[in-house]
Amino acid sequence: MGSSDFSWKLADHPKLPKGKALAVVVLDGWGEASADQFNCIHVAETPTMDSLKQGAPEKWRLVRAHGTAVGLPTEDDMGNSEVGHNALGAGRIYAQGAKLVDIALATGKIYDGEGFKYIKECFDAGTLHLIGLLSDGGVHSRLDQLQLLLKGASERGAKRIRVHILTDGRDVLDGSSVGFVETLENDLAKLREKGIDARIASGGGRMYVTMDRYENDWEVVKRGWDAQVLGEAPHQFKSALEAVKKLRSEPKASDQYLPPFVITDDNGKPFGPIVDGDAVVTFNFRADRMTMLAKALEYQDFDKFDRVRFPKIHYAGMLQYDGELKLPSRYLVSPPEIGRTSGEYLVHNRVRTFACSETVKFGHVTFFWNGNRSGYFNQNMEEYVEIPSDSGITFNVKPKMKAVEIAEKARDAILSRKFDQVRVNLPNGDMVGHTGDIEATIVACKAADEAVKMILDAIEQVGGIYVVTADHGNAEDMVKRNKKGEPLLDKAGKVQILTSHTLQPVPIAIGGPGLAPGVRFRKDVPNGGLANVAATVMNLHGFEAPSDYETTLIEVVDN
Ligand SMILES: O=C(O)[C@@H](CO)OP(=O)(O)O
Ligand SMILES: [Mn+2]
Ligand SMILES: [Mn+2]
């Protein structure tokens, strides 16, 4: 399509009417898996979702939510919120950050770009700091990419390198941090043999240090800043391996929540504070949990916490994390250019939109949904409501989270008749699933199901339509399994709890009194994935989807 003949105007759907209130409900971390005691969705009372499933195959089906269906490098890559909501909102499959970084590293293009050149300017006199999530989870970052970057930077003149690690345990098994630190320590020792002064300088668990999101709790970022930039932390160790082993031995310790630590020399002096003249790369490719640190590293004017020092550094992100804010301004790899998202089209076609979640997932139905773009397309047509999340807790303590509050907001928005689309994310299955607490996750799934019920009841009242789906799996499988699907046991004979997302497909259900007779799921899109949902939603608003969108999942048959 040439830019001259481009139009935001969507063609009318030949059969489906406009003007029906449409609820789009995304259950975060709600996949479909076989029914056993580790499937919390199965164990929980979920009468609403169960009744939707009765509509199969015409009104309920499964869609793919992992791997290449959402633009990830391989079919072994579990789904995640960023790629899931990107696909749901954009209606097309983009090579995502993980893959783009792989390509840039494999071709060496990463080193030819403006971002790396900017970083390299500090290599003679300064230190190169690499900050990010240390695991092979592939959701926010990947160890092999860090390894390649270390190699590439050292071959291109970096003489002094400091890695600031964030331990995972959320996209990978809890306890795996020890192995990842060992691997990295070995790599850095090899660099030292080559005369490069390379070390781990600081660390902490991702959920307690640095990787907050959507400004839920700036204290998390501050803890990281103190360790990474100021070289100050409540714990000092001589090595990172000693640090994670020792801190993990505390009661109730977990990789996700390790306290911040710095590595010091024999005199107790931290190895790697960030100072004037240094270069910094945040090596996560995923946006949401690096945006806050990116602001702290980049913005001259900043009042979220006292930075104490604001070093003059050359900072680049692995990717640009926010396309609207252009943050960070320097980056090593260009992000996927996710344009012409369904949200933008619908606004241009007078579809009034309401979007809501609680803080920890708020950006999922706004920022991710709109292609990693913050803010409104058109303030007069859209309203985004954020319900403050609890902060400073792990969500197994309050597994109901704000499900009722989100559902109430959605209900009120639907009943107000001011909106054509009411879109929500219900976080429970995912956020509680990540804690690995099975009892709490069962409570979480029930709460999410009750919230769906409230929203569907409101749709019933206004004669509307609903689309209920999910972004990827999590709560439907809480245990690590062997190839035969049997739970794996650890050395002590206990099942290995799975805190991560899964490779499972997710359900999608359509219905409501406003759904035109004869609308049903097509049979000829058997491999349909999340990217097929946008065209489906556009149809239900009475429009044809743009021709380059992934095909719709529905058809209208004459009864
Ligand atoms: O919490 C997160 O950052 C990820 C897991 O790493 O979960 P989600 O993709 O569901 O946001
Ligand atoms: Mn998610
Ligand atoms: Mn998750």
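Remember, it's 1-based here, ligands and their atoms both numbered in the order they're listed. Along the sequence shown, residues carry numbers from 1.
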> Is the distance between the Mn ion (ligand 3) and the nearest N/O/S atom of His434 smaller than 2.8 Å?
Replying inline: yes
> At under 4.0 Å between heavy atoms, which part of Arg206 makes contact with ligand 1: side chain, backbone, both or neither?
Replying inline: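 Side chain only; the backbone of Arg206 stays clear of ligand 1.
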> Given that the side chain starts at C-beta and the backbone is N, CA, C, O, which of these parts of Asn474 lies under 4.0 Å from ligand 1, counting heavy atoms, or is it both or neither?
Replying inline: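 No part of Asn474 comes within reach of ligand 1.
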>> Rounded to the nearest 10°, what angle sits at the Mn ion (ligand 2) between OG of Ser81 and NE2 of His472?
In response: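 OG of Ser81, the Mn ion (ligand 2) and NE2 of His472 span an angle of about 120°.
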> For Asp471, what is the atom name of its N, O or S atom nearest to the Mn ion (ligand 2)?
Replying inline: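 Atom name returned: OD2.
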>> For the Mn ion (ligand 2), give me the closest N/O/S atom belonging to Asp28, just the atom name.
In response: OD1
> Can you list the atoms of ligand 1 that are under 4.0 Å from a heavy atom of Val139?
Replying inline: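 The atoms of ligand 1 under 4.0 Å from a heavy atom of Val139 are 6 (O).
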> Identify the closest protein heavy atom to atom 5 (C) of ligand 1: which residue and atom is it, and at what distance?
Replying inline: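 The closest one turns out to be Asp171 OD1, 3.0 Å.
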> Nearest protein heavy atom to atom 8 (P) of ligand 1, by residue and atom, and its distance?
Replying inline: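 Checking every protein heavy atom, the shortest distance to atom 8 (P) of ligand 1 gives Ser81 OG, 2.8 Å.
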> Measuring from the heavy atoms of Arg286, does anything fall under 4.0 Å of ligand 1?
Replying inline: yes
>> Looking at ligand 1, would Met211 count as a contact under a 4.0 Å heavy-atom criterion?
In response: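 For ligand 1, residue contact (heavy atoms, under 4.0 Å) with Met211 is absent.
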Note: [X]-[Y] ion pair, threshold 4.0 Å (strictly below):
X	Y	result
Lys402	Asp390	yes
Lys409	Glu383	no
Asp449	Lys453	no

> Which one of His235, Gln228, His164 satisfies the side-chain hydrogen bond (donor to acceptor under 3.5 Å, both in side chains) criterion with Ser202?
Replying inline: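 Of all the options given, the one that passes is His164.
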>> Between ligand 1 and Arg170, is the shortest N or O to N or O distance under 3.5 Å?
In response: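 Between Arg170 and ligand 1, an N or O pair is found under 3.5 Å apart.
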> Taking the Mn ion (ligand 3) as the vertex, how big is the angle to OD1 in Asp430 and NE2 in His501, rounded to 10°?
Replying inline: 90°
